[in-house]
Amino acid sequence: MSDTSDDALYAQRAAMARRSATSTLDGVAPEAFSSPATDPQPDRVAPSRIGRSFDSVSLASHKPEGAFHDAISLMATDALPQMIWSARPNGYHDYYNAQWYGYTGVEPGSTDGDAWNGMFHVDDRESCWARWQQCLATGEPYEVEYRLRRRDGEYRWMLGRALPITGSAGEIVRWVGTCTDVHEERLAADRAELLAEEMNHRIANFFAIVGSLVSLESRHADSVEALAESMQARLGSLYAAHRLVRSPASVSAEVGASVHGVIRAIAKPYEDERGTRFAMSGPDRTVDDGALTAIALLVHELCTNAIKYGALTHHTGTISITTDIDGSFFKIDWVERGGPTVPQEPVSSGFGTALIRGTVEQQLGGTIERIWTADGLSVEMALPLDRLHLGPNAR
């Protein structure tokens, strides 16, 4: 649906709601509702009659003035840049303003009763319904976040709020609520949370890597000076690998903008003096900065796991990396040997494992399979060749 038709639909629904302010309600003229005493159904509010609902509520601060006040109240709710709804004391939704119909694109009256819940994302319906029922039972303010289907079919995060209106005796006579689009704010919060989790993961990994490197080097160093010199070189390589993950454009020329070049650069801090811990074979392919970042992150996580749990925990452990081209895919096989015995696949996985899978499947559009054997871990990855050039802003 085009933007023009969406705007036209919205304007049409808003006009329908405004016209209803001066029309009849269930065949009864608005003048018949000049006071609560003349209301034949004081507990009922028809669609598009939110102003009339307040006429039937006895509040010290609210003195309605008949049908004219009713029309003005209704048009005010439609003029507000906010989705507004109202429900009876038992929770039956019987009013939505023009903003609701314009945003959702549904027919007037189609979300009355409890049909509103069908507009929510299937994963949010049960929790929102349970919270609404709890508020109806206790009179507590209603507040919940959920995903609402927009008129174009996209689900967007909403903040739903509602408060009860009470009568002179303190009884709830009506609920009035709003729906606020908080989609961008919710996504920003999710990104911030993911960034904080990744930061914690990287800091923990850094200390684990340094500790493992010190442990491995101390077994072979002849003196404290030799240990210090070796660790200084390894930390320098580790820093270079970190730069490659975070700022590929500044270092891609140094390592060579190819899959093999990236792997060698990331693996360098973990290599021994003889250069025998890593063996790489097979065809190579160039990558741009976007794909380089993803592949660097992928190899960095694999190396980190290997030195914490796998082949690199033993000074005799090795890693074999074989690349191949199979049709439209670039395949990478990562095979660890000489590490601790792996009796079975771990029951749970951490953030690093999720990061590896997300990098392969989401950023690079490929597939990944982990194979656990008594000899060690094998990882088989297949990346589409056309995804090795993602563009400079792909992260």
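It should be emphasised that the depicted structure is a prediction, and the values quoted were computed from it without experimental measurement.
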I'd like to know if the side chain of [X] reaches the main chain of [Y], judged simply by a donor and an acceptor atom lying under 3.5 Å from each other, with no hydrogens or angles considered.
X      : Y      : result
Gln99  : Asn97  : no
Thr323 : Asp333 : no
Arg387 : Ala291 : no
Thr304 : His300 : yes
Glu145 : Trp157 : no
His260 : Pro283 : yes
Gln363 : Gly358 : no
His121 : Asp123 : yes

Flag yes if [X] and [Y] sit in one hydrophobic cluster, no otherwise; membership is Ile, Leu, Val, Met, Phe, Trp, Tyr, and two members link when side-chain heavy atoms are under 4.5 Å apart.
X      : Y      : answer
Val287 : Val360 : yes
Tyr95  : Leu163 : no
Leu159 : Met119 : no
Tyr142 : Trp129 : yes
Val144 : Met83  : yes

Rounded to the nearest 0.5 Å, what separation is found between the [atom1] atom of [X] and the [atom2] atom of [Y]?
X      : Y      : atom1 : atom2 : result
Arg357 : Thr367 : CZ    : OG1   : 9.5 Å
Ile263 : Ile319 : CD1   : CD1   : 11.0 Å
Phe120 : Met158 : CZ    : CE    : 9.5 Å
Glu336 : Asn305 : CD    : CG    : 8.0 Å
Gln82  : Arg161 : CD    : CZ    : 9.5 Å
Leu302 : Ile332 : CG    : CD1   : 9.0 Å

Next on the checklist: So for atom CD, which belongs to Glu126, do other residues, nucleotides or ligands contribute more than 12 heavy atoms lying within a distance under 6.0 Å?
Outcome noted: no

Could you tell me which non-hydrogen atom of [X] sits nearest to which non-hydrogen atom of [Y], and how far apart they are?
X      : Y      : value
Phe329 : Pro384 : CD2-N, 3.7 Å
Val176 : Ser86  : CG2-OG, 4.1 Å
Val173 : Gly167 : CG1-N, 3.9 Å
Cys135 : Pro141 : SG-O, 3.6 Å
Ile266 : Cys303 : CG2-SG, 4.4 Å
Ala115 : Ser110 : CB-O, 3.4 Å

Taking the side chain as everything from C-beta on, heavy atoms only, tell me whether [X] gets closer than 4.5 Å to [Y].
X      : Y      : answer
Met381 : Leu364 : no
Leu148 : Tyr103 : yes
Ile165 : Trp175 : no
Tyr96  : Cys179 : no

May I ask you to check whether [X] and [Y] show a side-chain donor-acceptor distance below 3.5 Å?
X      : Y      : value
Arg337 : Ser320 : no
His93  : Thr111 : no
Asp124 : Tyr155 : no

Checklist entry - Would Leu298 and Ile356 count as a side chain to side chain contact (heavy atoms under 4.5 Å, CB included) if you check the C-alpha gap in whole Å, the side-chain angles of each, and the deciding distance to 0.1 Å? => result CA-CA 6 Å; Leu298 169 63; Ile356 291 172; 3.5 Å; yes

Item to check | Qualifying residue, where the test is salt bridge (Lys or Arg N to Asp or Glu O under 4.0 Å) with Arg88 and the options are Asp112, Asp94, Asp114 | outcome: Asp94

Checklist entry - After noting the C-alpha distance and the side-chain angles of Thr318 and Thr276, does the key distance pass the side chain to side chain contact (heavy atoms under 4.5 Å, CB included) rule? => result CA-CA 7 Å; Thr318 62; Thr276 58; over 6 Å; no

Checklist entry - Do Glu184 and Arg156 meet the salt-bridge criterion of a basic N to acidic O distance under 4.0 Å? => result yes

Item to check | Check ion pair Glu140-Arg131 (N to O, under 4.0 angstrom) | outcome: yes

Next on the checklist: Determine whether Thr286 and Leu388 satisfy the following criterion, side chain to side chain contact (heavy atoms under 4.5 Å, CB included), listing intermediate values before the conclusion.
Outcome noted: CA-CA 7 Å; Thr286 60; Leu388 298 182; over 6 Å; no

Next on the checklist: According to ring pair (Phe, Tyr, Trp, His ring centres under 6.0 Å), who are the partners of Phe278, at least two apart in sequence or on a separate chain?
Outcome noted: none

Next on the checklist: Looking only at the aromatic ring of each residue, does the gap between the centers of Trp116 and Trp100 stay below 6.0 angstrom?
Outcome noted: no

